[in-house]
Enquirer: 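The structure that follows is given in the form of structure tokens.
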There are 2 protein chains.
Amino acid sequence: MFWEDGAVASTKRLSNRGSGRRAELLAIAGELFATRGFLATTVRDIADAAGILSGSLYHHFDSKESMVDEILREFLDAQRETNEQVLREASDPRAAIAELIRRSFGAMRRYRAAIAIFQNESNYLGGFERFGYLQQAAEDFERTWTSLLQDGRRAGVFREDLDPKVTYRFMRDMVWTAVHWYDPRGNLTADAIADQYIEILCDGIVSRE
Amino acid sequence: MFWEDGAVASTKRLSNRGSGRRAELLAIAGELFATRGFLATTVRDIADAAGILSGSLYHHFDSKESMVDEILREFLDAQRETNEQVLREASDPRAAIAELIRRSFGAMRRYRAAIAIFQNESNYLGGFERFGYLQQAAEDFERTWTSLLQDGRRAGVFREDLDPKVTYRFMRDMVWTAVHWYDPRGNLTADAIADQYIEILCDGIVSRE
DNA sequence: GTCTATACAAAGATAGAC
DNA sequence: GTCTATCTTTGTATAGAC
């Protein structure tokens, strides 16, 4: 199968925490959830991809929901940690924004599947109480970015004629949707794309001569 | 139900073409597909929302797939027409890009549900032969925008240090993802958001003083 | 154009043997 | 940790009456 290499590779990377088999199955499930969608992926699909039968999955997990839950929590925990660190260490708003963008692209190496799932399935999963933390994470995220934008605006670094809320959504969409086409094995490194995005965001596409 | 007003209103607008009932049911189905997702919406959901029983839907449509097919085709036909018109009439690349962005936001009035479905479900639906036109539409779209970007680059209007492909994806994502949060009844008109997006895209968020 | 009734398939999940 | 076997629910779709 086309994704097998990737799944196995990321499995190796994750195998230091928790039971190896568990992490392996999560990597496989995550890849399927990300590419086909959560609802479109059956537990039989996951089992097939893992080379076992569907019933055997329930030895490791309560339900399909538990699997996606675990995948999302791991990613969001790491993401919150990253955001806090950037806010602590950044010297000025522009540098902080640039760093957040760079880190977001960087996260695609390890959490590409989780990011795609978060993007694509939050709307559906958010409807269940169990996944209430998804909306919380989105709000955390919004607070981080808008506070930086407002700081920069007050400091005269960012334009004053732009609505911070519109600008925030602009940036958020810009960063996260890249997960749909970003290919970690392609020509463009995550950093190269991030730099171009930062360029466009800060200075626009219009020539200055 | 919270969306009922919207569905009924857009039904009125569409009732001039085709059987009234058919268009009405499509508007209801489209709203559900857009907000809950295609797979998460059952034919019973659609029938409930329409105040009839699920079996009755099959008097109007072959299948759930036929419904989403019809919704998507109508939107994509209109969109192709719009793109061609803009290309024909635009005076220069920058004006054309700005007009495309403005029209894309403008399309949200009439095709908000279809745009969301196209965004969210292309990945899944594109896997079926019947929906091969989805990928074609995406390619058409890419051709239109990248040709404009390259023209503008050659003419010295756009920066030469940006990869046109990266820039294209940046713009595409920027425009289409707004459908996730754009509220036609909110404070911001589609044109107001479009203008801010054009501003950011062309000149960036950094202050020029 | 809608209802009643139901066929049929697929999906999530469980129990107990190995 | 996986398999066999199976239960239960849900969802798509059909047939024929009204």
Side-chain angles (χ1 to χ4, degrees), chain A residues 7-8 11 14-15 17-33 35-72 117 120-121 124-125 127-131, chain B residues 7-8 11-12 14-15 17-33 35-72 117 121 124-125 127-131:
Chain A
V8 169
T11 291
L14 300 171
S15 59
R17 52 143 181 70
S19 123
R21 188 55 171 154
R22 187 185 184 79
E24 197 171 3
L25 293 171
L26 276 183
I28 290 167
E31 205 59 37
L32 289 171
F33 292 156
T35 54
R36 300 187 190 173
F38 178 69
L39 287 171
T41 302
T42 70
V43 296
R44 286 182 176 86
D45 288 337
I46 302 168
D48 284 354
I52 59 178
L53 290 183
S54 65
S56 306
L57 274 178
Y58 290 84
H59 173 72
H60 302 277
F61 306 96
D62 287 355
S63 63
K64 196 170 89 162
E65 275 187 15
S66 294
M67 292 188 222
V68 78
D69 182 65
E70 202 160 321
I71 292 166
L72 287 170
I117 297 167
N120 299 331
E121 319 290 351
Y124 170 70
L125 294 174
F128 302 95
E129 282 177 34
R130 171 174 197 172
F131 292 95
Chain B
V8 168
T11 290
K12 289 274 154 58
L14 300 171
S15 60
R17 53 146 178 73
S19 127
R21 188 56 171 152
R22 188 185 182 78
E24 198 171 2
L25 293 171
L26 276 183
I28 291 167
E31 205 58 38
L32 289 171
F33 293 157
T35 54
R36 301 188 191 173
F38 177 70
L39 286 171
T41 302
T42 71
V43 297
R44 283 191 246 264
D45 289 336
I46 302 168
D48 284 355
I52 59 179
L53 289 183
S54 65
S56 308
L57 273 179
Y58 290 86
H59 173 72
H60 303 276
F61 305 96
D62 288 355
S63 63
K64 197 171 88 162
E65 275 187 15
S66 294
M67 294 189 221
V68 78
D69 182 64
E70 204 161 319
I71 292 166
L72 288 171
I117 297 166
E121 319 290 350
Y124 171 71
L125 294 174
F128 302 96
E129 283 177 35
R130 171 174 197 171
F131 292 95

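In the text below, chain A, chain B and the rest are named by the order of the sequence lines, each starting its count at 1. What you see is a predicted model, and the numbers here were worked out from it, not measured in a lab.
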Enquirer: Any side-chain heavy-atom pair from A/Glu121 and A/Leu39 closer than 4.5 angstrom?
Expert: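 Not in contact.
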Enquirer: At a cut-off of 3.5 Å, list every protein nitrogen or oxygen paired with a nitrogen or oxygen from nucleotides 5-11 of chain D, distance to 0.1 Å.
Expert:
from	atom 1	to	atom 2	distance (Å)
D/dG11	N7	B/Arg44	NH2	2.7

Enquirer: Could you tell me the boundaries of the chain A footprint on DNA chain C, defined by atoms under 4.0 Å from its heavy atoms?
Expert: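 Listing 5' to 3', DNA chain C meets chain A from C/dA11 to C/dT14.
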Enquirer: Tell me the ring-ring contact (aromatic ring centres under 6.0 Å, His included) pairs involving residues 35-61 of chain B, sequence neighbours left out?
Expert: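 Qualifying pairs: B/Phe33-B/Phe38.
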Enquirer: side-chain contact (heavy atoms from CB on, under 4.5 Å) with A/Met67: which of A/Leu26, A/Asp62, A/Thr41, A/Ile28?
Expert: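 That would be A/Leu26; it is the only one of A/Leu26, A/Asp62, A/Thr41, A/Ile28 passing the side-chain contact (heavy atoms from CB on, under 4.5 Å) with A/Met67.
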Enquirer: Looking only at heavy atoms, which two atoms of A/Val68 and A/Ile117 are closest? And how far apart?
Expert: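 Looks like CG2-CG2, 3.7 Å.
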Enquirer: What's B/Leu53 touching, base or sugar-phosphate or nothing? Going by heavy atoms closer than 4.0 Å.
Expert: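 Touches a base.
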Enquirer: Would a 4.5 Å heavy-atom cut-off, applied to side chains only, mark A/Ser56 and A/Leu53 as touching?
Expert: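 Yes - at least one pair of side-chain heavy atoms lies under 4.5 Å apart.
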Enquirer: Look only at the side chain of B/Thr35 and the backbone of B/Glu31, and say whether a donor-acceptor pair between them is shorter than 3.5 Å.
Expert: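 The answer is yes, because a donor-acceptor pair under 3.5 Å joins these two groups.
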Enquirer: Does one side chain, of B/Thr42 or B/Arg36, offer a donor that lies under 3.5 Å from an acceptor on the other?
Expert: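 Judged by distance alone, the side chains do not pair up.
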Enquirer: Could you tell me whether the side chain of A/Leu72 reaches within less than 4.5 Å of the side chain of A/Leu125, counting heavy atoms only?
Expert: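 The answer is yes; the side chains approach within 4.5 Å.
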Enquirer: Send over the distance from B/Ile46 CD1 to D/dA13 P, rounded to a whole Å.
Expert: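 To the nearest whole Å, that distance equals 10 Å.
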